[in-house]
Amino acid sequence: MRVLVVGAGFGGIAAAIELRTHGITDVTIVEAGPGIGGTWAYNTYPGAACDVPSHLYSFSFAQRRNWSRLCSPQPEILEYLKGVAREYDVDGLVVPDTRIVEARRDDTTGPWTATTDDGRTFTADVLIVATGQLNTPVTPDVPGQGSFDGVQFHSARWDHERDLRGRRVAVVGTGASAVQFVPEIAQEVAHLAVFQRTGNWFLPRRNRPFPGWWKAAIRYVPGLQRWRRRFITEYTESLTLMIRHPSTLGRIGRLWSTLFMRMQVRDPELRRRIWPDYTFGCKRILFSSHYLPALSRPNVSLSTEKVTEIVPEGVRTADGTTHKVDTIIWGTGFAARDFMFPMEIVGPGDRKLSDEWAGGPHAHLGMTVPGFPSLFVLYGPNTNTSGGSIILYLEAQTRYLREALQRMTSRGAEAIEVRRDVEAASDAQVQARFPGTAWTACDSWYRDEGGRIVTNWPGYMREYLDRTKTVDADEYVFHR
Ligand code: NAP
């Protein structure tokens with residue numbers, strides 16, 4: 001069985017390890033970038049770090065006991081992933097600088113043929129798309145962008161050549177990325193103008209280096225690491241609990257966040273402007289003890305006016321003000337709802353996945369799509385978590401797809417395809433769990449144009465792990 005994995009981030013590496021350790025050895029990983037890392041190779045902005053503690057934001061089978069902090073910085077996470085890939089001997093499977101633009105399967109029984117942007121092709125029986133939800137940076141279409149005299153870049157493509165010391169910098173967007181880099185660059189720029197469209201709910205995260213005694217305890221006290229991972233798991237599940245029950249337990253989260261934010265921002269006018277106007281947990285809760293204090297610095301300003309135009313000398317807002325800057329950083333997020341697009345996936349009968357998903361993406365357990373035999377999506381529709389660790393989901397998915405492939409082989413089949421009625425029913429079940437939760441209480445990148453939540457899992461991590469523990473062969477058609 002030949003397996004082609006697209007993407008060498010956490011998902012792609014996890015898939016390769018799972019398959020190889022279970023005897024499925026013909027695995028190729030194609031990666032658009034220069035090497036292993038995925039989002040952790042692209043997002044190199046100052047202050048980049050996970051906001052899920054590393055004891056959980058790491059593979060269960062490759063636990064590390066020497067993390068430097070609660071939430072490790074990007075270089076440490078990247079090194080960890082590369083180290084795991086080396087240890088499990090899958091680093092050599094990666095074909096770098098290879099961007100797939102189309103994957104096509106003409107016959108039900110295969111194979112998949114994937115074509116790169118420079119005309120190379122890869123053929124495989126199984127296609128695993130592990131490109132994640134957050135791979136395509138989005139810069140909003142603000143008029144006049146091309147006219148800007150200075151330097152502009154997106155936070156996920158940080159321009160390290162640009163020395164920000166002494167510069168006048170604009171940051172557009174105040175999401176999870178911006179709140180990490182704003183406090184870092186605020187210390188060195190001459191002036192920082194932050195443009196916020198919507199305020200956010202914050203919870204504390206100081207993320208200081210672990211003291212030596214704690215690192216020693218984690219290393220030497222039996223069971224402490226396991227307990228720590230368990231504790232963090234339950235802590236993050238409690239965030240989902242609050243999101244699922246906004247009018248009861250969600251109020252506790254809101255109170256906690258309110259107290260924290262009031263302590264962080266003393267100035268009533270600044271407080272008014274940063275305050276969120278939506279239900280706690282509807283958008284991603286932001287973890288930072290440094291962002292709000294940075295807004296109070298004398299060299300930092302916060303504008304809540306709409307950015308209407310980019311002019312040669314800076315950013316113009318709806319009130320007619322021109323904010324003179326020499327650098328614009330777009331912290332405006334990703335095309336999360338587009339999933340693996342712009343890659344075109346075409347199944348038997350010339351069926352395009354983009355047509356299948358024209359009304360919003362959906363897949364059985366976020367992984368399998370009817371009409372597309374032997375295609376598996378990792379971190380696909382409705383498998384994002386608002387509080388937990390996506391690594392847990394990825395591990396569950398790779399175990400599940402490995403078992404699916406083993407069942408296919410044991411039945412002498414050449415392809416596996418989810419039944420259309422099964423996928424439709426599981427999608428309906430997922431969607432039925434959203435009403436009444438905080439996720440539905442505002443607009444966010446979790447929802448498509450029609451308001452359907454297409455990125456997030458509606459429940460707890462443990463429910464997803466349970467649901468994917470074993471493959472129900474009756475849910476699939478095995479093609480011979
Ligand atoms: P994001 O959460 O989508 O935030 C984008 C920001 O840009 C929002 O404040 C958004 O405002 C604003 N924005 C978008 N279009 C705009 C426009 N036309 N004018 C003004 N503002 C605009 O993106 P992100 O911060 O890159 O984070 C994306 C996701 O990546 C996170 O939710 C998280 O899942 C993940 N992430 C994780 C970590 C971590 O683990 N450490 C770090 C960074 C990111 P609105 O709120 O009004 O839409």
Side-chain angles (χ1 to χ4, degrees), residues 9-10 38-40 42-54 56-58 69-74 76-78 132-145 153-158 170-184 193-203 205 207 236 239 274 276-278 281-288 290-291 302-310 315-318 323 328-338 379 383-391 393 439 442-447 455-457:
F10 266 93
T39 196
W40 294 107
Y42 286 110
N43 285 274
T44 61
Y45 56 77
C50 55
D51 53 13
V52 174
S54 293
L56 187 61
Y57 195 84
S58 49
R69 293 162 192 255
L70 183 69
C71 298
S72 304
Q74 171 265 337
E76 212 173 318
I77 300 172
L78 184 58
Q133 292 190 7
L134 303 168
N135 61 37
T136 310
V138 168
T139 303
D141 206 6
V142 182
Q145 262 182 56
F153 53 88
H154 190 279
S155 64
R157 301 289 181 271
W158 197 269
V171 169
V172 184
T174 53
S177 300
V179 304
Q180 292 190 335
F181 67 76
V182 160
E184 300 294 322
V194 177
F195 296 87
Q196 171 196 291
R197 191 166 65 177
T198 317
N200 292 292
W201 291 106
F202 283 84
L203 288 176
R205 192 196 79 153
N207 210 26
T236 56
L239 291 174
I274 55 107
D277 59 1
Y278 58 85
C282 178
K283 292 179 190 244
R284 191 179 166 92
I285 300 157
L286 301 182
F287 298 87
S288 174
H290 306 295
Y291 172 76
L302 176 74
S303 169
T304 51
E305 291 289 330
K306 183 176 160 68
V307 172
T308 51
E309 194 182 351
I310 303 300
V315 175
R316 190 163 292 160
T317 44
H323 304 257
I328 301 174
I329 303 170
W330 299 95
T332 41
F334 301 87
R337 292 167 305 227
D338 287 351
Y379 194 12
T383 64
N384 185 43
T385 159
S386 288
S389 168
I390 193 60
I391 313 286
Y393 288 72
W439 287 301
C442 71
D443 236 1
S444 71
W445 63 260
Y446 305 148
R447 314 182 84 169
T455 58
N456 280 34
W457 174 247

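Order of listing sets the numbers, starting from 1, for every ligand and every atom in it.
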Task: Region of Asp443 that comes within reach of ligand 1 [heavy atoms, distance under 4.0 Å] - done: neither
In ligand 1, which numbered atoms sit nearer than 4.0 Å to a non-hydrogen atom of [X]?
X	value
Asp51	39 (C), 40 (O), 41 (N)
Pro140	17 (C), 18 (N)
Thr198	45 (P), 46 (O), 47 (O)
Gly173	6 (C), 7 (O), 9 (O), 12 (C)
Lys283	45 (P), 46 (O), 47 (O), 48 (O)
Tyr45	42 (C), 43 (C)
Gly331	5 (C), 6 (C), 7 (O)
Gln180	41 (N), 42 (C)

For [atom], grab the closest protein heavy atom and report residue, atom and distance to one decimal in Å.
atom	result
atom 26 (O) of ligand 1	Ser177 OG, 2.7 Å
atom 20 (C) of ligand 1	Val172 CG1, 3.7 Å
atom 3 (O) of ligand 1	Trp445 CD1, 3.4 Å
atom 36 (N) of ligand 1	Ala176 CB, 3.9 Å
atom 4 (O) of ligand 1	Gly175 CA, 3.5 Å
atom 23 (O) of ligand 1	Gly333 CA, 3.1 Å
atom 9 (O) of ligand 1	Thr174 N, 2.9 Å

Task: Any side-chain donor near an acceptor of the partner, Asn456 and Ser386, under 3.5 Å - done: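 Checked: Asn456/Ser386 side chains pair up, N/O donor to acceptor below 3.5 Å.
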Task: Sidechain N-carboxylate O distance under 4.0 Å for Lys283, Asp443 - done: no
Is the distance between the ring centroids of [Y] and [X] under 6.0 Å?
X	Y	result
Tyr57	Trp40	yes
Phe153	Trp330	no
His154	Phe334	yes

Open item on the list: Taking less than 2.5 Å as the test, are the sulfur gamma atoms of Cys50 and Cys71 close enough?
Closed with: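 The sulfur gammas are not closer than 2.5 Å, so no.
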Task: N or O contact, Ala49 vs ligand 1, cut-off under 3.5 Å - done: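 There is such a contact, yes.
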State whether the side chain of [X] and the backbone N or O of [Y] hold a donor-acceptor pair below 3.5 Å, judged by distance alone.
X	Y	value
Arg316	Thr308	no
Tyr278	Gly199	yes
Arg447	Cys442	yes
Gln145	Pro140	yes

Open item on the list: As a check for students: among Gln133, Arg284, Arg197, identify the option with a heavy atom nearest to atom 10 (C) of ligand 1.
Closed with: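 Looking at heavy atoms only, the winner is Arg197.
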Task: From Thr139, Ile77, Thr308, Leu134 - option closest to atom 35 (C) of ligand 1 by heavy atom - done: Leu134
Open item on the list: Within the structure, is a non-hydrogen atom of Phe334 found at a distance of less than 4.0 Å from ligand 1?
Closed with: yes
Task: Test side chain to side chain donor-acceptor pair (under 3.5 Å) applied to Tyr446 and Asn384, step by step - done: CA-CA 9 Å; Tyr446 305 148; Asn384 185 43; 4.8 Å; no
Open item on the list: Tell me the closest heavy-atom pair linking Ser155 and Phe181, and the distance in Å.
Closed with: CB-CE2, 3.4 Å
